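Have a look at the structure below, then the notes.
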Amino acid sequence: DLVNKVFVFPRATNDSHVVLRAKPEQPLQNFTLCLWSYTDLTRPHGLFSYATKAQDNDILLFKPQPGEYRLYVGGEFVAFRVPEGVVASEHVCASWESTTGIVGFWLNGKPWPRKGLQRGYTVGAEAAILLGQDQDAFGGGFDAQKSFVGEMCSVYMWDTGISTLGVMAAMDNRPANTPIFGWRNFPHTTMGEVYLKP
């Protein structure tokens, strides 16, 4: 249970990341991903990377610049423009459903207009799942210039969609539905320079 703790990624490296040891039991037709991040980076960086042997960006939450988030599914992405403000922690949730391809996106609990991506696709279950890097190969292929520097917490993933009420619950570490993995039960291994701090 990691409630009231954060992962600190203190500097750019090509090896520091957090490996998640929980996996989906079957391929994903739907998913939701939520996390808090806090950074002053202005360069591109990977937040959450879910790679399969067939596709290194099967799911990727990526921030190419302040004011934009990208969600990749099966190697293709949709972008969401967000306000550039003072450096503040940001809570992001993204959901995707295969039957329609609809992507939902929430920033700090507020829903953005939905977009579409990869209708009919299935995300593989045999995955390398990690935080703080962008995988360009299964479980590796990291680039320090795309690494995350900052703090991250309250990471959740479900094999279902989510409502705005569900997003608000996840922001407070009170998830309405049982996740594949979540901050209250987060089996992980830290690699390189990543520290778990109060």
Side-chain angles (χ1 to χ4, degrees), residues 6-21 23 28 31-96 103 105-108 112 115 117-118 121 123-124 126-157 181 186 188-197:
V6 298
F7 287 124
V8 179
F9 298 77
R11 66 185 189 94
T13 73
N14 63 2
D15 63 349
S16 299
H17 60 287
V18 178
V19 179
L20 286 159
R21 295 201 303 268
K23 301 277 193 309
L28 297 172
F31 69 81
T32 300
L33 166 67
C34 296
L35 57 83
W36 278 102
S37 68
Y38 188 30
T39 183
D40 61 1
L41 288 175
T42 56
R43 62 162 171 77
H45 55 278
L47 291 160
F48 176 97
S49 175
Y50 180 115
T52 55
K53 289 194 166 77
Q55 174 52 258
D56 57 5
N57 291 337
D58 227 1
I59 304 171
L60 173 66
L61 183 63
F62 191 76
K63 200 168 182 194
Q65 59 192 1
E68 184 182 346
Y69 281 92
R70 290 182 184 174
L71 179 71
Y72 287 75
V73 177
E76 297 185 9
F77 74 88
V78 286
F80 293 91
R81 301 287 304 161
V82 298
E84 272 186 68
V86 294
V87 173
S89 60
E90 292 183 345
H91 185 262
V92 172
C93 286
S95 69
W96 172 82
V103 174
F105 180 86
W106 292 260
L107 179 71
N108 297 335
W112 253 236
K115 298 187 176 182
L117 181 67
Q118 292 284 50
Y121 186 77
V123 173
E126 285 294 311
I129 308 173
L130 53 89
L131 307 176
Q133 296 280 0
D134 171 15
Q135 300 177 79
D136 288 331
F138 185 75
F142 306 141
D143 176 353
Q145 287 306 304
K146 291 190 203 162
S147 67
F148 176 73
V149 179
E151 302 183 11
M152 196 182 302
C153 68
S154 303
V155 183
Y156 290 89
M157 186 178 192
F181 51 78
F186 201 77
H188 71 279
T189 306
T190 57
M191 311 294 283
E193 291 182 64
V194 186
Y195 304 100
L196 193 57
K197 292 290 184 186

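Just so it is clear, the structure is predicted and the values come from calculations on it, not from any experiment. Atom set for the values below is all heavy atoms of this structure, side chains included, hydrogens, waters and symmetry mates excluded.
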Kindly say whether [Y] contributes a backbone atom to a donor-acceptor pair with the side chain of [X] at under 3.5 angstrom?
X	Y	value
Ser37	Met152	no
Trp112	Arg81	yes
Gln135	Ser49	yes
Asp58	Ala127	no
Arg70	Pro64	no
His45	Arg43	yes
Tyr38	Cys153	no

Between [X] and [Y], which heavy-atom pair has the shortest distance, and what is it?
X	Y	value
Ala12	Ser147	CA-OG, 3.4 Å
Leu117	Trp96	O-NE1, 2.8 Å
Val87	Asp40	CG2-CB, 3.8 Å

Drop me the distance from [X]'s [atom1] to [Y]'s [atom2], to the nearest 0.5 angstrom.
X	Y	atom1	atom2	value
Gln145	Asn14	CD	CG	10.5 Å
Asp134	Leu47	CG	CG	10.5 Å
Leu60	Gln55	CG	CD	10.0 Å
Thr32	Met157	OG1	CE	8.5 Å
Phe142	Ser16	CZ	OG	9.5 Å
Tyr50	Leu33	OH	CG	11.5 Å

Item to check | Tyr69 vs Leu107, side chain to side chain contact (heavy atoms under 4.5 Å, CB included): CA-CA, chis, key distance, verdict | outcome: CA-CA 10 Å; Tyr69 281 92; Leu107 179 71; 4.2 Å; yes
Beyond-backbone contact of [X] with [Y], side-chain heavy atoms, under 4.5 angstrom:
X	Y	answer
Leu28	Ile59	yes
Lys146	Asp136	yes
Leu131	Val194	no
Val6	Trp36	no
Asn108	Glu90	yes
Val82	Phe105	yes

Next on the checklist: Once you measure the plane-to-plane angle for Phe148 and Phe9, does it fall in the parallel (<30°), tilted (30-60°) or perpendicular (>60°) bin?
Outcome noted: perpendicular
Checklist entry - Going by the angle between their ring planes, with limits at 30° and 60°, are Phe7 and Phe186 parallel, tilted or perpendicular? => result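 Tilted, since the angle between the ring planes falls between 30° and 60°.
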Checklist entry - Do we get Lys115 above Phe80's six-membered ring, with its NZ or CZ under 6.0 Å from the centre and within 45° of the axis? => result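 Yes, Lys115 sits over the ring of Phe80.
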Next on the checklist: I'd like to know if Lys53 and Glu126 make a salt bridge, using a cut-off of under 4.0 Å between side-chain N and carboxylate O.
Outcome noted: no
